[in-house]
Structure formats: structure tokens, C-alpha cells
Amino acid sequence: MTGVAVVAGGGEHTGPAVAVRLAARGFDVALLDTEFTAADKTVRQIEESGRRCVTVEAELTDTRSVGVAFGQVRTALSSPVVLVTCVGPGPVPDGSPEDELADEQRYGVVRRALRSAFVCCQAGAGHLLHHRWGRIIIVTEPVDAGGNAWRTSQPVLAGLIGFTRSAALELARSGITVNLIAPAESAVDSRAPAHQPAVNAGAGSYAEGVAHVTAFLIDDQAVGITGQEIYLAAAQAGVPLLRER
């Protein structure tokens with residue numbers, strides 16, 4: 001299957017690796033993000049592979065802004081059949097759980113992450129429904145395993161799990177699958193020791209792992225996989241490990 005793929009939050013981190021892999025599978029790619037600081041390399045790689053690539057700025061938490069962005073994608077390329085939404089909790093405030101200000105800031109970070117996933121998936125699903133076929137993949141970025149990051153990433157992941165399952169049920173009859181990819185270190189059923197080092201050292205491996213799994217999930221052979229969480233280890237060796245939850 002080929003067509004147009006949208007990578008929301010595709011300006012940095014995991015997004016570029018996914019975009020390049022989608023282009024290699026024959027998709028034209030649109031990158032959506034609030035701002036772009038280093039997208040030129042990704043665009044060049046995709047165009048050198050013979051596919052088209054556009055960048056569209058949008059406030060990913062704003063329904064109108066994202067709706068306009070998808071309209072621009074449709075005009076420049078075509079209506080998308082694949083949507084990959086990369087969700088990162090963003091900077092995590094310092095402070096203990098008893099610190100009301102820090103706790104309020106953490107709530108804002110969680111809300112923004114969940115809102116961006118919901119808004120992008122809602123806008124993308126509207127286009128996918130026209131095709132009666134499509135793939136939605138939600139990706140969470142690795143975060144520092146420290147206490148504050150852990151407390152912030154857990155409600156984000158839990159919210160995305162619930163959203164993925166409900167969206168998968170709602171869209172199944174239309175031939176659209178919805179799945180979630182997350183770092184194994186952030187799995188809600190695990191316990192991250194406070195001294196565990198940041199996952200950033202393996203972020204490159206995680207990005208390539210996400211790109212690999214994305215390529216599988218968009219394949220026709222994966223039509224029966226929906227509403228699932230897939231956890232990837234950000235392995236130093238470069239070969240991501242899958243594990244069942």
C-alpha cells in the first residue's frame with residue numbers, strides 16, 4: 001500500500017526516522033509540527049529517494065490549526081492514508097509531588113501531550129474514513145527515568161492506552177487500525193528505579209525500532225492488529241527488543 005503519510009510531531013526525535021522509512025515504503029510524507037529547526041535533512045533524504053515531502057507548521061493542540069494543516073497536506077500531496085503521531089511529554093518541571101506549583105505544571109504537560117494526540121488523530125481519522133482504509137500509529141518518546149519524568153510520563157501513557165483502545169474499536173468497521181508504540185522503560189506495569197540512567201543514550205536505537213515496527217503495522221499483513229500497545233527497548237546495540245505486556 002502506498003499513498004500519503006502524515007507524521008505529526010515529525011520535526012525531531014523519532015519523527016524523522018519514521019518519515020524516512022515511510023518514504024522508503026513508497027509514501028509521500030508530510031511533516032507536521034509546531035516549529036521546524038532541523039527538518040531540511042529529512043526532507044532532502046526523502047526527496048532523494050524519489051518521494052515528495054512537505055513541512056507544515058501547526059499548533060498540534062489546536063483543532064483549527066491542525067485542521068488547516070491537514071487541508072494544506074491534501075492540497076500539496078493528497079488525502080493521507082497513514083498517520084503517525086509522535087507524543088513527547090516535553091520539559092518536566094522540578095519539584096516534589098507535594099509542591100503544588102510543580103504539580104500544576106506537570107498537569108499542564110500531561111494535558112498538552114494527550115491533547116496533541118487526540119487532536120491530530122481526530123483530524124487524521126476524518127481523512128482516512130474517506131478511503132475506508134488506514135493506519136493510525138501513536139508513538140511516545142523516551143523520557144528521563146527520574147522521579148518527576150516518571151510521574152509525568154505515566155498518566156500520559158495510561159491516557160494514550162485508553163484512547164488507542166477506544167479509537168481502535170470505533171474505527172475498526174472502517175478498516176482503520178490504531179496502535180500505540182512506547183518505550184519499554186515507561187510501561188505502566190514496570191518499576192523504574194530512581195537511579196536508572198536516562199533513556200536518551202539509546203534514543204537513536206529507539207527511533208529506528210519505531211520506524212521498523214511502523215513499517216510492519218502499515219503492511220496489509222497487519223490488518224488484524226489494532227488496539228495494541230507495543231513496547232520497544234531503547235537498546236544500545238541498535239536492535240530493539242519487543243516484549244508482550
Side-chain angles (χ1 to χ4, degrees), residues 1-90 112-113 116-117 119-128 130-131 134-142 179 181 200 202-219 232 234 238 240:
M1 184 70 181
T2 58
V4 174
V6 171
V7 181
E12 55 183 358
H13 303 310
T14 304
V18 171
V20 171
R21 184 65 63 93
L22 288 169
R25 291 293 300 268
F27 286 86
D28 294 323
V29 181
L31 303 175
L32 267 61
D33 215 330
T34 304
E35 61 180 357
F36 293 94
T37 57
D40 292 347
K41 180 180 178 181
T42 304
V43 173
R44 185 169 60 253
Q45 281 184 276
I46 292 173
E47 291 179 342
E48 287 175 352
S49 72
R51 307 311 307 179
R52 294 178 294 171
C53 182
V54 298
T55 59
V56 181
E57 290 191 6
E59 173 47 62
L60 300 183
T61 62
D62 183 80
T63 302
R64 183 179 182 280
S65 179
V66 172
V68 169
F70 270 89
Q72 292 176 324
V73 171
R74 185 173 183 176
T75 299
L77 300 175
S78 184
S79 186
V81 293
V82 170
L83 168 64
V84 180
T85 300
C86 301
V87 178
R112 179 177 177 81
S116 64
V119 169
C120 292
C121 290
Q122 183 182 49
H127 289 267
L128 270 56
H130 291 298
H131 298 280
R135 300 286 187 264
I136 295 176
I137 302 167
I138 303 170
V139 179
T140 65
E141 302 284 2
N179 291 288
I181 303 174
N200 295 341
S205 297
Y206 177 75
E208 290 303 320
V210 169
H212 179 73
V213 174
T214 297
F216 168 71
L217 290 174
I218 64 174
D219 193 272
L232 297 179

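Not measured: the values here are computed from a predicted model.
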Work out which heavy atom in [X] is nearest to a heavy atom in [Y]; give both atom names and the distance.
| X | Y | value |
| --- | --- | --- |
| C121 | I136 | SG-CG2, 3.8 Å |
| A123 | V66 | CB-CG1, 3.7 Å |
| P16 | H13 | CD-O, 3.3 Å |
| L31 | F36 | O-CZ, 3.3 Å |
| L32 | A69 | CD2-CB, 4.0 Å |
| L128 | P80 | CD1-O, 3.3 Å |

Problem - Contact list for residues 42-67, test ring pair (Phe, Tyr, Trp, His ring centres under 6.0 Å), sequence neighbours left out - result: none
Fill in the blank from the handout: Residue pairs meeting salt bridge (charged side-chain N to carboxylate O under 4.0 Å, His left out), one or both in residues 55-76, sequence neighbours left out, come to E59-R112
Problem - Greater than 12 external heavy atoms within 6.0 Å of E35's CD - result: no
Spacing of [atom1] belonging to [X] relative to [atom2] belonging to [Y], to within rounding of 0.5 Å:
| X | Y | atom1 | atom2 | value |
| --- | --- | --- | --- | --- |
| N179 | I218 | CG | CD1 | 12.5 Å |
| L22 | R25 | CG | CZ | 8.5 Å |
| E208 | L232 | CD | CG | 11.5 Å |
| I46 | R21 | CD1 | CZ | 12.5 Å |
| C120 | L83 | SG | CG | 7.0 Å |
| C86 | I138 | SG | CD1 | 10.5 Å |

Under a 4.5 Å cut-off applied to non-hydrogen side-chain atoms, are [X] and [Y] in contact?
| X | Y | value |
| --- | --- | --- |
| L60 | T85 | no |
| V29 | R51 | no |
| Y206 | V139 | yes |
| L217 | I181 | yes |

Completion exercise
Test side chain to side chain contact (heavy atoms under 4.5 Å, CB included), reference T214, set V7, V82, V18, output is V18
Practice task
Only counting residues at least two apart or in another chain, list the ones meeting ring pair (Phe, Tyr, Trp, His ring centres under 6.0 Å) with H127.
Solution key: F70
